[in-house]
Amino acid sequence: MGFLTQAVDQAGALVLTIPCALIVLLTREWYAAKMTGDKDAQLLAEFPLVSFACLALNGAAPGGLLRDKPMPLLRFLHGQLWLVVLLAVGVLYVLLKSPAPDTFSARFSAVFLTQTWGLLLLNFIPLPPFDAAATYFGPYMQWKMFSVLVIFLSIVVFVLLSYNFWRGDFVTGKFLLRWLHLV
């Protein structure tokens, strides 16, 4: 049992951030595909790895919905709506259960809420690789060079979000954690 405890201690926050990022991104992709009638969606084959890595390691990320799919604006709107639903479910859970600080439930809820908030807020930036860019750059998404540019910009955003200059309480969602007494 000591090995498992030591492994969890060394893994640190990744034990919480990886499952939260998977839940947020996969359910968002699933909901957007269902609402736009995309019956050919393969969630795991089209999984946005850069968005996942950025969300798991930095707490915020470009969403990953921006790609050559039909109805990009509708996908963006449904994806953002799903993030609002996830945020409401997370807040409702904390308000109903009021988990004690420093428990797994409180820490998981805190990571889940901050990741959802970071993804929701940053994806309103109307520049690639953020999802609001689908409203402006939808006609160009079928170009191969545009896809390469979005991947490159996603990596740049991943690096930039690794620095602390952007980590204000509003952007990271820490105001939610204080309001819910999770910190």
Side-chain angles (χ1 to χ4, degrees), residues 16-94 108-143 146-158 160-161 166-167 170-177:
L16 298 171
T17 60
I18 289 174
C20 286
L22 284 172
I23 291 168
V24 170
L25 287 174
L26 283 175
T27 59
R28 181 175 187 239
E29 294 281 337
W30 167 80
Y31 183 76
K34 286 291 183 192
M35 294 308 288
T36 56
D38 188 6
K39 294 178 182 16
D40 298 329
Q42 299 173 358
L43 299 180
L44 295 177
E46 300 169 348
F47 187 69
L49 287 177
V50 176
S51 295
F52 168 71
C54 195
L55 192 60
L57 298 174
N58 298 329
L65 286 171
L66 184 67
R67 59 176 169 259
D68 184 21
K69 286 286 188 177
M71 301 177 282
L73 176 61
L74 193 59
R75 288 180 62 81
F76 164 68
L77 293 175
H78 284 300
Q80 293 299 90
L81 176 65
W82 183 250
L83 291 176
V84 170
V85 168
L86 286 179
L87 199 61
V89 167
V91 166
L92 189 62
Y93 171 79
V94 171
F108 188 85
S109 298
V111 170
F112 182 78
L113 288 170
T114 56
Q115 283 184 350
T116 305
W117 178 259
L119 192 62
L120 174 72
L121 188 65
L122 289 179
N123 279 311
F124 277 111
I125 298 172
L127 299 169
F130 301 107
D131 293 338
T135 60
Y136 301 107
F137 297 101
Y140 306 107
M141 284 188 213
Q142 70 273 8
W143 295 354
F146 186 78
S147 299
V148 171
L149 176 69
V150 168
I151 290 170
F152 173 73
L153 290 174
S154 296
I155 293 170
V156 168
V157 166
F158 173 66
L160 287 177
L161 289 179
W166 67 274
R167 294 182 189 266
F170 182 74
V171 177
T172 59
K174 294 220 170 137
F175 73 96
L176 278 172
L177 303 183

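Count residues from 1 along the sequence. What's counted below: heavy atoms across the whole structure, side chains too, no hydrogens, waters or symmetry copies.
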Trainee: Could you tell me the separation between the CG atom of Leu55 and the CG atom of Leu122, rounded to the nearest 0.5 Å?
Mentor: 10.0 Å
Trainee: Would you check if the side chain of Ser51 reaches a backbone N or O of Pro62 as a donor-acceptor pair within less than 3.5 Å?
Mentor: yes
Trainee: If we ignore hydrogens and angles and just use 3.5 Å, is the side chain of Thr114 paired with the main-chain N or O of Val111 as donor and acceptor?
Mentor: yes
Trainee: Is there a donor-acceptor pair under 3.5 Å between the side chain of Gln115 and the backbone N or O of Ala60?
Mentor: no
Trainee: Test side chain to side chain contact (heavy atoms under 4.5 Å, CB included) on Thr172 and Trp117 and set out the steps.
Mentor: CA-CA 7 Å; Thr172 59; Trp117 178 259; over 6 Å; no
Trainee: Under 4.5 Å between any side-chain heavy atoms of Val84 and Thr116, yes or no?
Mentor: no
Trainee: With rounding to the nearest 0.5 Å, note down the distance linking SG in Cys54 to CG in Leu49.
Mentor: 12.5 Å
Trainee: Drop me the distance from Leu149's CG to Leu153's CG, to the nearest 0.5 angstrom.
Mentor: 4.5 Å
Trainee: State the CZ-CG distance between Phe130 and Leu121, to the nearest 0.5 angstrom.
Mentor: 10.0 Å
Trainee: Once the angle between the rings of Phe170 and Phe175 is folded into 0 to 90°, is it parallel (under 30°), tilted (30 to 60°) or perpendicular (over 60°)?
Mentor: parallel
Trainee: Is the CG atom of Leu44 crowded by more than 12 outside heavy atoms at less than 6.0 Å?
Mentor: no
Trainee: Which is it for Phe124 and Phe76 under the ring pair (Phe, Tyr, Trp, His ring centres under 6.0 Å) test, yes or no, and what are the steps along the way?
Mentor: CA-CA 9 Å; Phe124 277 111; Phe76 164 68; 5.7 Å; yes
Trainee: Begin with the C-alpha distance, continue with both residues' side-chain angles, and end with the deciding distance and a verdict on side chain to side chain contact (heavy atoms under 4.5 Å, CB included) for Leu113 and Val94.
Mentor: CA-CA 10 Å; Leu113 288 170; Val94 171; 4.3 Å; yes
Trainee: What I want to check is whether the side chains of Thr27 and Trp82 have a donor and an acceptor closer together than 3.5 Å.
Mentor: yes
Trainee: Could you grab the distance from atom CG of Leu83 to atom CG of Asn123, nearest 0.5 Å is fine?
Mentor: 7.5 Å
Trainee: Hey, is Glu29 close enough to Arg75 for a salt bridge, meaning N to O under 4.0 Å?
Mentor: yes
Trainee: Passes side chain to side chain contact (heavy atoms under 4.5 Å, CB included), Leu86 versus Phe112? Steps please.
Mentor: CA-CA 9 Å; Leu86 286 179; Phe112 182 78; 3.9 Å; yes
Trainee: Which heavy-atom pair separates Leu16 from Pro19 by the least distance, and what is that distance?
Mentor: O-CD, 3.4 Å
Trainee: Which atom names give the shortest non-hydrogen contact between Leu119 and Gln80, and what distance separates them?
Mentor: O-OE1, 4.4 Å
Trainee: Verify side chain to side chain contact (heavy atoms under 4.5 Å, CB included) between Leu176 and Leu87, making sure each step is shown before the conclusion.
Mentor: CA-CA 10 Å; Leu176 278 172; Leu87 199 61; 4.0 Å; yes
Trainee: For the CG atom of Asn58 and the OG1 atom of Thr17, what is their distance to the nearest 0.5 Å?
Mentor: 10.0 Å
